Amino acid sequence: MTNSTKFTPKKAFVNSPASNGPPPASSPNGTGLPSTAPAGPLANGKPTPATLPDPDKYATVPRQHEAERKRLPIYGARQAILDAIQRNASVVIVGETGSGKTTQIPQFILEAGLAKYGGIAVTQPRRVAATSLARRVAEEVGTPLGKRVGYTVRFDDKSSPSTKLKYLTDGMLMREILSDPLLHRYNYILLDEAHERTLRTDILFGMLKEIQQTRRQMCKDRKAQWYRQRVSDEARRGSGPPAEANGTDLDLGEHAVGGAVSTDAAETISAGNGQPRFVHELKIIIMSATLDAERFAAYFDHAKILYVAGRQFPVRVYNSLEPQTDYLDAAFVASLQIHTEQGPGDILIFLTGQEEIETLEKLLTDHRALLPRDAADILICPLFAALPPAQQAKVFNPAPPNTRKIILATNIAETSITLPGIRYVLDTGVHKARGYNSKVGIESLLVEPISKSSARQRTGRAGREALGFCYRLYTEDSFMALEEDSVPEILRCNLAAAVLQLKAAGVRDVLRFDYMDRPPKLALLRALEQLYSLAALDDTGALTKLGTWMAEFPLDPCYAKVLYESRALQCTTEIIDIISLLSVDNLFVAPFHKREEANEARNKFISPDGDHLTYLNLLRAYQAVKGDIRWCHENYVNARGIQHALEVRKQLRQVCTRVGMDPNVSCGVDLDRVLQCFVTGFFHQTALLQPDGTYKSVIGSQFVRIHPASTLFNSRREAILFNELVFTTKLYVRGVSAIQANWIPEASPNYLKRGQPKSKLAPSSSIE
DNA sequence: GAGCACTGC
């Protein structure tokens with residue numbers, strides 16, 4: 001791919017024109033973005049000197065970090081933000097990293113006493129963000145974590161009845177909607193990182209918009225009801241209509257009922273239990289890091305938009321002068337050029353995956369010896385999700401003296417992990433992206449160009465601590481040709497799980513649901529069809545009892561169906577164990593230089609019947625040594641992964657017990673039943689061996705290959721089932737087990753005989 | 001012969 005002559009650094013870069021060069025002074029983010037954001041910490045509507053209820057009277061110890069808080073760019077905009085929030089049902093706040101919007105805005109609301117009728121929820125796409133933000137804010141507020149400020153993420157709940165401000169994952173808020181459909185416990189919901197457009201934030205957009213409308217209507221109805229009651233009371237007493245609401249005007253405005261009702265809340269006439277209950281409007285605050293706020297604002301009924309300056313240093317952007325035919329080679333040359341010619345500061349290189357990272361790691365390691373004797377040394381740090389945690393942690397260690405760190409990372413460094421000390425970013429302009437073709441039901445994982453907003457996000461990674469430099473390994477024309485934003489996840493994934501969630505939350509017509517970006521009709525129909533074939537929906541499209549049962553579990557519908565059938569097949573213990581392990585991406589670790597040993601270790605657990613029973617063997621072996629970490633190390637088992645699987649297992653067992661299903665029913669050594677059980681959820685993901693030794697999928701008649709990481713790679717069995725069908729370099733099936741061909745029609749007679757589901761599929765056993 | 005990143009009562 002390269003040779004040592006290319007070590008001579010070529011001048012690949014030039015300071016590009018103003019649009020990409022050093023940003024104008026008015027650009028608050030330093031990334032050279034168009035300066036649509038007005039100058040100053042915040043500008044949009046002047047601050048109004050409204051009198052506010054007394055500040056945080058609940059603090060139990062003196063507030064911490066007060067001086068720090070006041071230095072945050074957002075602090076000066078406090079009053080204007082509060083003003084906008086009070087006057088608008090929905091507000092969009094655009095603020096770059098470092099503006100403090102996520103930690104401060106909820107505190108402003110708390111301190112101002114605005115969350116009168118319920119709590120404040122702040123959603124995050126990632127667990128670590130939710131927990132660390134809550135920890136930080138609890139410290140600033142000066143109360144123990146889990147009291148006034150807390151968090152809720154899967155497996156970990158640090159909240160209590162006294163929690164007023166709660167950070168939670170977006171998935172967790174979705175689950176809360178299932179038990180509290182109008183989210184009455186919240187007065188304010190802040191959706192953070194909205195620009196990431198994860199599947200869950202997008203679904204939440206629609207759900208929250210509906211909840212907001214419903215609550216607003218309820219509020220109006222309650223007020224009207226209250227007024228009518230007053231009128232009839234007064235009439236009975238023989239006096240005129242209530243003085244504060246003469247004529248037909250039913251809007252009670254600021255007139256309080258018992259001193260507690262304002263424009264955005266109304267007391268219920270009767271709350272059944274005699275306790276006064278308040279219906280209050282839901283305030284929605286969308287927080288985004290990109291300047292594309294108009295779309296969010298338009299979606300949320302012309303929400304007010306506020307811009308907040310970030311605390312980001314300027315970053316000089318350089319584009320490649322000519323297109324690079326080999327971005328990996330270009331990254332190699334450019335990184336050495338920076339190392340030999342530029343001042344101190346670590347280099348972050350964005351690549352697409354493990355293989356590229358390991359290739360470049362080897363190239364750089366080989367050339368390290370050729371560095372001039374007087375030059376600084378380099379330390380190469382790979383960073384990707386599948387990397388064992390101990391090695392991942394190395395990127396946070398400061399480099400030894402006179403050494404420059406070169407971090408080779410995937411997308412993980414774009415949003416999930418923030419690295420200190422980066423002054424130089426090398427952007428290849430590509431990433432690996434998941435896709436889904438709903439026509440043929442095939443997932444894909446392919447290298448694609450990134451979007452402009454992604455490129456800006458990568459650029460920003462160079463300016464967190466000082467003036468930075470970003471080298472884009474593509475021309476300025478190529479940059480201009482990139483899509484403005486990445487395709488939202490909802491447009492490129494299987495929607496079965498999301499549709500099941502929507503149905504469970506009471507959305508009857510998922511085709512007409514108010515999506516910010518509406519998925520193609522075909523994708524929604526395919527999801528409905530899949531749920532119907534699993535008997536989660538009846539032939540009117542309504543949720544069946546089984547469907548309701550399935551939605552209780554934090555599982556994809558196929559797995560929930562398998563779990564359900566395990567009762568009839570008496571193998572619930574085994575199914576829970578296997579499903580838990582399947583939720584771990586990299587159960588076996590394979591360090592770069594120890595592939596052979598790792599494979600050998602895995603062979604100890606292999607079941608001839610495939611991956612599912614191999615996983616079961618692994619768990620049994622792990623339990624036999626009582627979860628010894630050393631054992632994990634010796635056997636190349638991802639200890640953290642298996643720990644996670646055990647938490648999933650515990651949770652699944654709890655939910656099972658809650659819904660009246662015994663998790664301890666085991667099939668003993670009759671493991672055929674386990675695989676039969678899997679077929680009940682995966683009959684549409686099966687393939688039959690062909691005379692020429694290839695496999696052809698039962699649905700769609702696609703030629704598929706068994707993935708090399710599967711234990712059944714290179715083996716020939718009559719029929720197989722698979723959990724995933726992914727196109728990468730070839731069309732691969734992953735998570736594969738051998739089955740008997742006659743199990744397939746048995747598992748779903750109606751579906752497969754007719755090719756398309758036409759009649760209602762009854763669950764194979766009943767639910768009480 | 002190969003694995004972007006997240007998440008869930």
Side-chain angles (χ1 to χ4, degrees), chain A residues 123-130 152-157 168-180 193 196-204 350-358 383-387 409-417 428 430-435 443-448 450 454 457 486 489 492-493 497-498 500-501 504 549-557 559-560 579-580 583-590 595 598-599 638 644 647-648 650-659 705-710 713-714 724 726 728-730 732-735:
Chain A
T123 71
Q124 294 294 320
R126 284 166 291 277
R127 292 165 53 93
V128 273
T152 306
V153 298
R154 191 183 188 185
F155 311 131
D156 196 3
D157 184 7
L168 71 176
T169 46
D170 41 20
M172 210 63 217
L173 189 62
M174 279 182 68
R175 300 248 52 131
E176 287 193 359
I177 289 175
L178 296 185
S179 60
D180 181 8
E193 314 284 12
E196 288 189 27
R197 303 294 305 275
T198 67
L199 175 62
R200 276 161 293 272
T201 19
D202 265 30
I203 296 287
L204 278 176
F350 283 101
L351 298 163
T352 69
Q354 181 176 352
E355 196 186 340
E356 278 180 10
I357 288 173
E358 285 170 352
L383 180 64
F384 48 91
L387 195 71
T410 59
N411 268 351
I412 197 168
E414 201 177 300
T415 47
S416 311
I417 292 180
T428 52
V430 281
H431 66 162
K432 239 181 233 184
R434 265 214 190 258
E443 283 182 286
S444 59
L445 187 58
L446 299 168
V447 173
E448 285 170 9
I450 59 172
S454 226
Q457 178 75 21
S486 309
E489 192 182 1
R492 51 181 173 85
C493 71
L500 182 66
Q501 290 284 314
W549 188 95
M550 282 162 58
E552 290 279 309
F553 287 86
L555 292 173
D556 276 333
Y559 292 106
I579 290 177
S580 307
S583 69
V584 180
D585 282 332
N586 310 287
L587 204 46
F588 294 99
V589 289
R595 298 278 148 94
N599 278 340
N638 173 359
H644 173 82
E647 297 222 69
V648 175
K650 189 169 134 202
Q651 187 183 44
L652 293 178
R653 292 175 67 91
Q654 281 168 351
V655 182
C656 268
T657 308
R658 197 185 69 212
V659 298
R705 287 165 203 265
I706 296 176
H707 194 275
S710 169
F713 179 63
N714 275 338
E724 279 184 284
V726 186
T728 52
T729 53
K730 298 182 182 76
Y732 284 116
V733 292
R734 301 174 56 180

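All of these numbers come straight from a predicted model, not from anything done at the bench. Chain naming here is simple, since letters A, B, ... match the order of the sequence lines and numbering starts at 1 in each.
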Inset, instruction - Give the rounded distance in Å between these two atoms: CG of A/Asn638 and C1' of B/dG3. - result: 13 Å
Inset, instruction - Could you grab the distance from atom CD of A/Glu448 to atom CZ of A/Arg434, nearest 0.5 Å is fine? - result: 12.5 Å
Legend entry - Distance below 4.0 Å between A/His431 side-chain N/O and B/dA5 OP1 or OP2: no
Legend entry - A/Leu204 CG - B/dG8 P separation (whole Å): 12 Å
Inset, instruction - Using the closest heavy atom to pick a nucleotide of DNA chain B for each, name whichever of A/Arg126 or A/Phe155 lands nearer the 5' end. - result: A/Arg126
Legend entry - Among B/dA2, B/dC9, B/dA5, the nucleotide that comes nearest once only the side chain of A/Ala709 is considered: B/dA2
Legend entry - Heavy atoms from other residues, nucleotides or ligands near CZ of A/Arg705 exceed 12 (cutoff 6.0 Å): no
Legend entry - Heavy-atom neighbours of A/Glu355 CD exceed 12 at 6.0 Å: no
Legend entry - Separation of atom CZ in A/Arg197 from atom C1' in B/dC6, rounded to whole Å: 16 Å
Inset, instruction - Report which part of the nucleic acid A/Ser416 touches: base, sugar-phosphate, or nothing (heavy-atom distance under 4.0 Å, all strands). - result: sugar-phosphate
Legend entry - Value in whole Å for how far the C1' atom of B/dT7 lies from CG of A/Leu168: 12 Å
Inset, instruction - Go through B/dA5, B/dA2, B/dC9 for me and flag the one nearest to the A/Pro554 side chain. - result: B/dC9
Inset, instruction - Output yes when at least one side-chain N/O atom of A/Lys730 is less than 4.0 Å from OP1 or OP2 of B/dG1, else no. - result: no
Inset, instruction - Can you tell me the distance, in whole Å, between the CD atom of A/Glu647 and the C1' atom of B/dT7? - result: 14 Å
Legend entry - Sugar-phosphate, base or nothing in reach of A/Ala385, heavy atoms under 4.0 Å: sugar-phosphate
Legend entry - Sugar-phosphate only, base, or nothing, as touched by A/Thr415 at under 4.0 Å among non-hydrogen atoms: nothing
Inset, instruction - Consider the side chain of A/Gln354, meaning its heavy atoms from C-beta on, and name the nucleotide among B/dG1, B/dG3, B/dA5 that approaches it most closely. - result: B/dG3
Legend entry - Gap between atoms NE2 and P, on A/His644 and B/dT7 respectively (whole Å): 9 Å
Legend entry - Between CG on residue A/Leu652 and OH on residue A/Tyr559, distance to nearest 0.5 Å: 12.0 Å
Inset, instruction - Compute whether any side-chain donor of one residue and acceptor of the other, for A/Gln651 and A/Glu647, lie under 3.5 angstrom apart. - result: no
Inset, instruction - Quick one: label A/Ile412 by what it contacts on the DNA or RNA (base, sugar-phosphate, nothing), any heavy atom closer than 4.0 Å. - result: sugar-phosphate
Inset, instruction - Ignoring hydrogens and angles, answer whether the base of B/dC6 and the side-chain atoms of A/Arg200 contain a donor-acceptor pair closer than 3.5 Å. - result: yes
Inset, instruction - Indicate, with a heavy-atom threshold strictly under 4.0 Å, whether A/Arg154 touches base, sugar-phosphate, or nothing. - result: base
Inset, instruction - Measure the shortest side-chain to side-chain distance between A/Arg197 and A/Ser486 over non-hydrogen atoms and say whether it is less than 4.5 angstrom. - result: no
Inset, instruction - Could you work out which one of B/dC9, B/dG1, B/dG3 sits closest to the side chain of A/Pro708? - result: B/dG1
Legend entry - Side chain of A/Met172 (C-beta onward), nearest among B/dC9, B/dG3, B/dA5: B/dC9
Inset, instruction - Answer with base, sugar-phosphate or nothing: what part of the nucleic acid does A/Leu199 contact at a heavy-atom distance below 4.0 Å? - result: nothing
Inset, instruction - For B/dG8, take OP1 and OP2 only and decide whether either is under 4.0 Å from a side-chain N or O of A/Arg127. - result: yes
Legend entry - B/dT7 phosphate, OP1 or OP2, under 4.0 Å from A/Thr169 side-chain N/O: no
Legend entry - Exam field: side chain A/Gln457 to backbone A/Glu414, donor-acceptor pair closer than 3.5 Å: yes
Inset, instruction - Check every strand shown and say whether A/Asp157 touches a base, only sugar-phosphate, or nothing at a heavy-atom separation below 4.0 Å. - result: nothing
Inset, instruction - Would you mind classifying the nucleic acid contact of A/Glu552 as base, sugar-phosphate or nothing, using non-hydrogen atoms under 4.0 angstrom? - result: sugar-phosphate
Legend entry - Gap between atoms CZ and C1', on A/Phe713 and B/dG1 respectively (whole Å): 5 Å
Inset, instruction - Using a 4.0 Å heavy-atom cut-off across all strands, classify A/Gln651 as base, sugar-phosphate, or nothing. - result: sugar-phosphate
Legend entry - Value in whole Å for how far the P atom of B/dG3 lies from CD1 of A/Ile357: 14 Å
